Amino acid sequence: MPQFLLDNNHIAAAAAAGGGGIADETMTAKSRVTVVGSGNWGSVAAKLIASNTLKLNSFHDEVSMWVFEETLPTGEKLSQVINRTNENVKYLPGVKLGKNVVANPDLENAVKDANLLVFVTPHQFMEGICKRLVGKIRADAEAISLIKGMEVKREGPCMISTLITEQLGINCCVLMGANIANEIAVEKFSEATVGYRKNKEMAEKWVQLFNTSYFMVSPVQDVEGVELCGTLKNVVAIAAGLVDGLEMGNNTKAAIMRIGLREMMALSKLLFPSVKDSTFFESCGVADLITTCLGGRNRKCAEAFARNGGKRSFDELEAEMLQGQKLQGVSTAKEVYEVLNHRGWLELFPLFSTVHEICIARLPPIAIVNVKFK
């Protein structure tokens, strides 16, 4: 019988009879996992994790997945359909998540028993989610963020991992990489990078939880570097999509990608001097940049934006093209621009600055290839 179906009374009786042993191992040694988020990437993350919790004795079988409840065109609730069909019919249709994935529309209930929290929601929702979870999670909880973005405060940029740590009082690693979700969902080979600060043992546990024969995960001691790679590459992907929409060709696109990588590295090290150059050659760095500039939603929407001469807004294109998913590159470009403007760095980062000005229609799409890059 799967561990998550054990009756609580049975566990308590075992503890009383044995004074420890099996019950202690069940209650203290086995980690419980909750995935906070159920979009395209969140559903794939749940699938990866669920395949491993069934195999590894150190984890409870059941994986809880918090679902932002929606009513489908059929009138059914999304969480109920996921639990009935074992499939996220809206954000990852046609892919079975694993029978040990349980969708839960109640955020506080979904996280209350978990000591491993996997955050994978659009970054603009994270501050509100964290506020709801204050005092609602286990004291021994650990977190990992799969979220690509940042919060901009008056005092400067705040990475999502830092937001989680500061608001919830828990350690937070990050996982980033060349990870187009639909490809991983059908088990095409991919890589990812876990960024950690000091606790390598915890990083290895996250690697164990995510790593499969088709999803190879490696740890790197550089949280800020890994997270900024995952964040900033979406801005470069907007630039690459604009080039595609303008039909400027592969040489131009390659140049934009190179300039983008240079600005990613320069800004990361200005914001966090501890960032390592070697991080940019992990999956979270150049590999993620390449795949996002070749595919992915940011490139796709930016191409459509350029083909329409900038006359249709990104909000309109997002609603039409992404079926409820969120476009991260445009909001990240705005946040990066705010940081650059506040610190007087706009001229140092012409690609990042120009992308934002195109996104808000201050400049036409063709401006992306008219920038004087130093």
Side-chain angles (χ1 to χ4, degrees), residues 33-52 63-68 70 78-79 82 87-98 101 103 110 116-126 129 143-150 159-161 164 172-195 206 209-212 214-217 226-227 229-234 237 283-284 287-289 291-301 318 321-332:
V33 185
T34 291
V35 178
V36 180
S38 58
N40 187 237
W41 184 209
S43 297
V44 173
K47 177 181 185 290
L48 287 167
I49 292 166
S51 70
N52 282 328
V63 176
S64 179
M65 181 174 72
W66 174 61
V67 175
F68 180 79
E70 301 178 53
L78 178 58
S79 63
I82 291 173
E87 179 182 329
N88 189 332
V89 295
K90 181 169 183 179
Y91 296 111
L92 194 66
V95 176
K96 297 299 181 183
L97 302 180
V101 174
L116 297 179
L117 301 174
V118 180
F119 288 95
V120 52
T121 67
H123 77 274
Q124 53 267 43
F125 301 143
M126 270 307 297
I129 288 171
I144 191 166
S145 170
L146 280 60
I147 300 165
K148 298 172 179 180
M150 67 174 78
M159 305 311 299
I160 298 301
S161 63
I164 292 168
C172 187
C173 296
V174 298
L175 183 145
M176 306 283 159
N179 303 148
I180 292 178
N182 288 335
E183 295 180 10
I184 302 169
V186 294
E187 304 187 3
K188 294 181 178 179
F189 179 74
S190 181
E191 296 178 308
T193 309
V194 166
W206 288 121
L209 189 61
F210 280 93
N211 196 72
T212 70
Y214 60 90
F215 191 68
M216 191 168 74
V217 187
V226 172
E227 195 166 7
C229 281
T231 296
L232 297 175
K233 56 92 185 185
N234 283 329
S283 176
C284 63
D288 195 8
L289 177 65
T291 198
T292 309
C293 289
L294 296 180
R297 66 188 75 161
N298 292 285
R299 188 219 64 82
K300 179 181 178 181
C301 288
E318 175 189 86
M321 301 174 71
L322 299 186
Q323 283 94 45
Q325 295 181 72
K326 291 296 178 183
L327 194 63
Q328 298 294 303
V330 174
S331 56
T332 301

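Below, each value reflects all heavy atoms present in this structure, side chains not excepted, and no hydrogens, waters or symmetry copies. Model, not experiment: these values are computed from the prediction.
Proximity of a side-chain donor or acceptor of S64 to a complementary backbone N or O of T34 within less than 3.5 Å is not detected. Not one N or O on the side chain of S190 forms a donor-acceptor pair closer than 3.5 Å with the backbone of E183. Side-chain atoms of T193 come within 3.5 Å of backbone N or O of C284 as a donor-acceptor pair. Within the 3.5 Å criterion, the main-chain N or O of M159 finds no donor-acceptor partner in the side chain of E227. The backbone N or O of N298 lies less than 3.5 Å from no partner atom in the side chain of Q328, so there is not a single donor-acceptor pair. A donor-acceptor pair is defined here as one N or O able to donate and one able to accept, closer than 3.5 Å; no such pair exists between the side chain of E191 and the backbone of S283. Between the side chain of N88 and the backbone N or O of S38 there is at least one donor-acceptor pair closer than 3.5 Å. One N or O on the side chain of N52 and one on the backbone of N211 form a donor-acceptor pair closer than 3.5 Å.
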Any chance you could lay out the side chain to side chain contact (heavy atoms under 4.5 Å, CB included) test for M176 and C229, step after step, and finish with the verdict? CA-CA 8 Å; M176 306 283 159; C229 281; 5.9 Å; no
Given side chain to side chain contact (heavy atoms under 4.5 Å, CB included), test V194 with F210 step by step and report yes or no. CA-CA 10 Å; V194 166; F210 280 93; 5.6 Å; no
Could you go through R297 and L327, starting from their C-alpha distance and side-chain angles, then the distance that decides it, and tell me whether this counts as side chain to side chain contact (heavy atoms under 4.5 Å, CB included)? CA-CA 7 Å; R297 66 188 75 161; L327 194 63; 4.2 Å; yes
Given M126 and T121, is the side chain to side chain contact (heavy atoms under 4.5 Å, CB included) satisfied, shown in steps? CA-CA 7 Å; M126 270 307 297; T121 67; 3.4 Å; yes
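Ring pair F68/W66 is perpendicular by interplanar angle, where above 60° counts as perpendicular and below 30° as parallel. Using the six-membered ring where Trp is involved, W41 and F215 have ring planes that are perpendicular, over 60° apart on the 30 and 60° scheme.
For the residue pair T292 / K233, a side-chain donor-acceptor distance below 3.5 Å is found, with atom types taken as modelled. Using modelled atom types, one finds a donor on one side chain and an acceptor on the other under 3.5 Å when comparing N40 with N182.
Between the NZ atom of K148 and the CG atom of N179 there is a distance of 5.5 Å, given to the nearest 0.5 Å. Separating the CD1 atom in I144 from the CG atom in L116 is a distance of 9.5 Å, to the nearest 0.5 Å. Taking CE from M150 and OG from S161, the interatomic distance works out to 11.0 Å, rounded to the nearest 0.5 Å. To the nearest 0.5 Å, the span separating CD1 on I147 from OG1 on T231 amounts to 10.0 Å.
Considering every non-hydrogen atom in both S79 and A103, the closest pair reads O-CB, 3.8 Å. In plain terms, the two heavy atoms of I160 and G149 that are nearest each other are CG1-O, 3.4 Å. A pairwise comparison of heavy atoms in L92 and S43 identifies CD2-CB, 3.8 Å as the closest pair.
In this structure, M65 and V36 have side chains that are not in contact, with every pair of non-hydrogen atoms separated by 4.5 Å or more. Contact check for F119 versus I164: side-chain heavy atoms found under the 4.5 Å cut-off. The side-chain heavy atoms of L97 and E87, taken from C-beta on, include no pair separated by under 4.5 Å.
Applying the side-chain contact (heavy atoms from CB on, under 4.5 Å) rule to Y214 yields the partners K47, L48, I184, E187, T212; only residues at least two apart in sequence or on another chain are considered. Not counting sequence neighbours, the partners of K300 by the side-chain contact (heavy atoms from CB on, under 4.5 Å) test are M321.
When the shell of 6.0 Å around NZ of K188 is examined, it contains 12 or fewer heavy atoms from other residues, nucleotides or ligands.
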